[in-house]
Amino acid sequence: MGLLPDDRGAFVGGVFVNPTVQGQGIGRALLDHALALKSGLRLEVYEANTQARGFYASLGFRETGRREVDDNGLPFPLLKLDI
């Protein structure tokens with residue numbers, strides 16, 4: 001997981017957990033630790049990634065905006081989430 005400081009706490013640059021151990025609480029523990037360090041977190045998730053969207057929603061992240069293109073200018077909508 002990568003955390004980048006910003007004016008609202010930190011931007012989560014990515015949470016990557018090996019698929020062989022997903023569902024065992026590792027991602028939740030990483031984000032809980034990040035929340036203990038920062039006053040708030042924000043991140044972006046691909047709209048099509050329903051599994052990740054459900055995971056973040058279960059932790060209390062809420063949608064605050066969207067982008068229609070990714071960082072490469074490709075038409076892959078991203079949702080902005082904050083907690």
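Fair warning: this is a prediction, and the values are worked out from it, not measured in the lab. Starting from 1, each residue takes its place in the sequence as its number.
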>> So, using salt bridge (Lys or Arg N to Asp or Glu O under 4.0 Å) as the criterion, who are the partners of Glu63 when residues are at least two apart?
In response: none

> Hey, what do you get for NZ (Lys80) to CZ (Arg62), rounding to the nearest 0.5 Å?
Replying inline: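 Here the interatomic distance stands at 14.0 Å.
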
>> As an exercise, state the distance from CG of Leu43 to CG of Asp82, rounded to the nearest 0.5 Å.
In response: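 Rounded to the nearest 0.5 Å, the CG-CG separation comes to 8.0 Å.
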
Heavy-atom pair with the smallest gap, counting every atom of [X] and [Y]:
X     : Y     : result
Leu3  : Ala34 : CD1-CB, 3.7 Å
Leu31 : Leu59 : CD1-CD1, 3.4 Å
Val45 : Ala52 : CG2-CB, 3.7 Å
Lys38 : Leu41 : CB-CD2, 4.3 Å

> Are Leu37 and Phe11 connected, step by step, through hydrophobic side chains (Ile, Leu, Val, Met, Phe, Trp, Tyr) whose heavy atoms are closer than 4.5 Å?
Replying inline: no

>> Let me check something: do Phe55 and Leu35 share a hydrophobic cluster, defined by ILVMFWY side-chain heavy atoms less than 4.5 Å apart, either directly or through other members?
In response: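 Linked, Phe55 and Leu35 end up in one cluster.
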
>> Counting only heavy atoms not in Glu68 (residues, nucleotides, ligands), do more than 12 fall under 6.0 Å from its CD?
In response: yes

>> Under the criterion side-chain contact (heavy atoms from CB on, under 4.5 Å), I'd like the reasoning laid out for Ile26 against Asn18: C-alpha separation, chi angles, the key distance, then a yes or no.
In response: CA-CA 10 Å; Ile26 296 168; Asn18 187 312; over 6 Å; no

> Any ring pair (Phe, Tyr, Trp, His ring centres under 6.0 Å) pairs touching residues 61-83, not counting sequence neighbours?
Replying inline: Tyr56-Phe61

> Within the side chain of Arg53, is there an N or O that forms a donor-acceptor pair under 3.5 Å with the backbone of Glu47?
Replying inline: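 Pair found, side chain donor or acceptor close to backbone of Glu47.
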
>> I'd like to know if the side chain of Asn72 reaches the main chain of Leu74, judged simply by a donor and an acceptor atom lying under 3.5 Å from each other, with no hydrogens or angles considered.
In response: no

